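Heads up: the structure comes next, in structure tokens.
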Amino acid sequence: MAPHLNIVPSMFVLLLLFISASKVQSGAIDVVAKFGAKADGKTDLSKPFLDAWKEACASVTPSTVVIPKGTYLLSKVNLEGPCKAPIEINVQGTIKAPADPSAFKDPNWVRFYSIENFKMSGGGIFDGQGSIAYEKNKDPHNRAFRVKLPVNIRFDFLTNALIQDITSKDSKLFHVNVFACKNITLERFKVEAPADSPNTDGIHMGKSDGVNLIGCDIKTGDDCISIGDGTKNLAIKDITCGPGHGISIGSLGKYPNEEPVEGVKVTNCTITNTSNGARIKTWPGESPGVVSDVHFEDIIVNNVSSPILIDQKYCPWSKCKINEESKVKLSNISFKNIRGTSALPEAIKFICSGSSPCQNVELADIDIKHTGPEPATSQCLNVKPITSGKLNPTPCSSPVPKTLSATA
């Protein structure tokens, strides 16, 4: 591939696959016209949707399930493969979940499972109607309630998938969960939720190889993008984030046998009015892990509380081993050409593990100004960053306080 093409090979192959597939599609399966779905906001879409999926999945030629414009109520649906040919869902309407959280007994609302050569597009909206859940979920000790809240859309064990021009709105928990996928792209995907909606990560992923997030617009109450263990070869480009908690790797090290996070590149993103910008977070004590080859480049931060953050004392609930060192090893991490404003004086904060200090952390061409009267500062613990270019604030300009606290 020519060096000037800024596109990952897996995505290029995937796009060609769907272009060629679209040329041979002979028709569409309409959930309203063929299976009697009603866009009245009251009649459950689950059976017509599943019936249309089963017919399309059994077809030996590429097929498309169409959900026309209108408002539909969907109780729950699990759409499983493998399918015999490439399959597409064209969502034009708005699909709403039951508003009452008690309607869900497990964390699934819309789930796509074990599918190869899958596409979803159409400009439609998945509305989780999460306002009731948000009020109940604000109690951090209410874990029994939280574990039953559904994710809006789950993509599990997908290979070669393309999600375009879809919106996730007001999910009761995470908006999107990508798990055990290979070569999956979310492009022009939108997330819409209030800034105070708890635990509503925009796009979360784990155990996946070759995830591409391109041109997405994410407004939510937690991490815009959260990157879990086992994530490899991740490309994040042209993202707008805010409100929310920024773009975060982790948290990691909480559970045993977590897989490494390797090969993450975040480029050309704008992060506005968030609690964090580019962040890596690991738990103190607990279990070992690895994070390597992570690069944040060409990032604009606007009024972000912690624009650049490595936090290996991450402790959001106070019930953690705060006096112990993190066992997660961080190496080959860079922050380049990050500019804008910090809502707090401390624009750069590196709190690395004392037992396993961060290695090869690079800062280059940083220009972050504090929005208040004090100048921007930085803090370093157990790390000596490699520096180049213009640097504002000066790296490691502030002493480390005796008591460390982390943001959520």
Side-chain angles (χ1 to χ4, degrees), residues 106-108 111 113 137 139-151 154-158 171-182 184 198-209 211 222-234 245-264 276 279-294 309-333 351-359 382 404-408:
D106 58 57
N108 295 305
R111 182 180 186 232
Y113 177 80
N137 199 14
D139 180 358
H141 304 290
N142 197 1
R143 179 170 173 77
F145 170 77
R146 187 179 303 117
V147 295
K148 294 181 180 180
L149 291 176
V151 172
R154 288 183 177 269
F155 300 112
D156 297 341
F157 297 93
L158 269 58
S171 181
K172 293 177 175 66
L173 202 68
F174 291 9
H175 286 262
V176 171
N177 190 65
V178 176
F179 179 76
C181 292
K182 186 172 183 179
I184 179 171
N199 302 111
T200 55
D201 293 39
I203 301 172
H204 176 77
M205 70 205 71
K207 306 288 195 301
S208 295
D209 188 347
V211 178
D222 210 298
D223 292 332
C224 291
I225 299 169
S226 55
I227 302 159
D229 77 293
T231 301
K232 298 180 180 179
N233 303 311
L234 166 64
H245 294 180
I247 298 174
S248 298
I249 294 177
S251 57
L252 298 172
K254 180 65 175 174
Y255 303 103
N257 304 314
E258 291 184 350
E259 297 179 12
V261 173
E262 298 174 321
V264 176
N276 305 285
R279 174 169 66 157
I280 301 172
K281 51 180 176 173
T282 74
W283 289 80
E286 305 299 346
S287 300
V290 172
V291 177
S292 64
D293 293 318
V294 173
L309 176 62
I310 294 176
D311 182 7
Q312 294 206 261
K313 289 284 187 180
Y314 178 71
C315 182
W317 303 325
S318 75
K319 290 185 177 180
C320 57
K321 302 173 183 178
I322 194 65
N323 294 320
E324 296 185 19
E325 300 296 336
S326 175
K327 299 176 183 177
V328 180
K329 178 67 176 177
L330 309 184
S331 64
N332 300 328
I333 298 163
I351 305 300
C352 292
S353 171
S355 61
S356 184
C358 299
Q359 292 185 344
N382 301 315
L404 298 172
S405 60
T407 55

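The shown structure was predicted, so the numbers you read here are calculated from the model rather than taken from an experiment.
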| message | With a 4.5 Å cut-off on side-chain heavy atoms, are Pro284 and Cys320 touching? | response | yes
| query | Taking all non-hydrogen atoms of both residues, which atom of Gly250 and which atom of Ser226 are closest, and how far apart? | reply | O-CB, 4.2 Å
| said: Tell me if a side-chain donor or acceptor on Glu325 pairs with a main-chain N or O of Gly354 at a distance below 3.5 Å. | reply: yes
| Taking the inter-plane angle between the rings of His204 and Phe174 on a 0 to 90° scale, is it parallel (under 30°), tilted (30 to 60°) or perpendicular (over 60°)? | tilted
| Considering all heavy atoms, the nearest Ser171-Pro150 contact | OG-O, 3.8 Å
| query | Side chain of Lys254, backbone of Glu286: donor and acceptor closer than 3.5 Å? | reply | no
| task | For Phe179, check ring pair (Phe, Tyr, Trp, His ring centres under 6.0 Å) against everything at least two apart and list the hits. | result | Phe157
| query | Which distance, rounded to the nearest 0.5 Å, do you find between the NZ of Lys329 and the OG of Ser356? | reply | 4.0 Å
| query | Rounded to the nearest 0.5 Å, how far does CG of Asp311 lie from CZ of Arg279? | reply | 7.5 Å
| message | Keeping Ser326 on the side-chain end and Trp283 on the backbone end, is there a donor-acceptor pair under 3.5 Å? | response | yes
| task | Measure across Val264 and Val261 and return the closest heavy-atom pair with its distance rounded to 0.1 Å. | result | CG2-CG1, 3.9 Å
| said: Please report the interatomic distance OG1(Thr231) to CG(Asp209), rounded to the nearest 0.5 Å. | reply: 9.5 Å
| message | Donor-acceptor check, side chain of Glu258 to backbone of Ser287, threshold 3.5 angstrom: yes or no? | response | no
| So how far is it from Leu309 CG to Lys281 NZ, rounded to the nearest 0.5 Å? | 9.5 Å
| query | Hey, what do you get for CG (Asn199) to CG (Asp223), rounding to the nearest 0.5 Å? | reply | 10.0 Å
| task | Looking only at non-hydrogen atoms, find the nearest pair between Leu252 and Asp229 and report the distance. | result | CD2-N, 3.6 Å
| task | Starting at CD1 of Ile310, measure out to CG of Asn382 and round the result to the nearest 0.5 Å. | result | 11.5 Å
| message | Restricting to non-hydrogen atoms, name the atom on Gln312 and the atom on Ser353 that form the minimum distance, rounded to 0.1 Å. | response | OE1-N, 3.1 Å
| Those residues that, when tested against Asp106, pass side-chain hydrogen bond (donor to acceptor under 3.5 Å, both in side chains) (two or more places apart) | Lys76, Asn108
| field | Donor-acceptor under 3.5 Å (Lys313 side chain, Ile322 main chain) | value | yes
| task | Would you check if Val291 and Val328 make a side-chain contact, meaning some heavy-atom pair closer than 4.5 Å? | result | yes
| field | Greater than 12 external heavy atoms within 6.0 Å of Lys207's NZ | value | yes
| query | Any donor and acceptor pair, going by atom type alone, linking the side chain of Asp293 with main-chain N or O of Gly263 inside 3.5 Å? | reply | no
| task | Determine whether more than 12 heavy atoms belonging to other residues, nucleotides or ligands lie under 6.0 Å from atom NZ of Lys232. | result | no
| query | Has the side chain of Thr200 got a donor or acceptor atom that lies under 3.5 Å from a matching backbone atom of Leu173? | reply | no
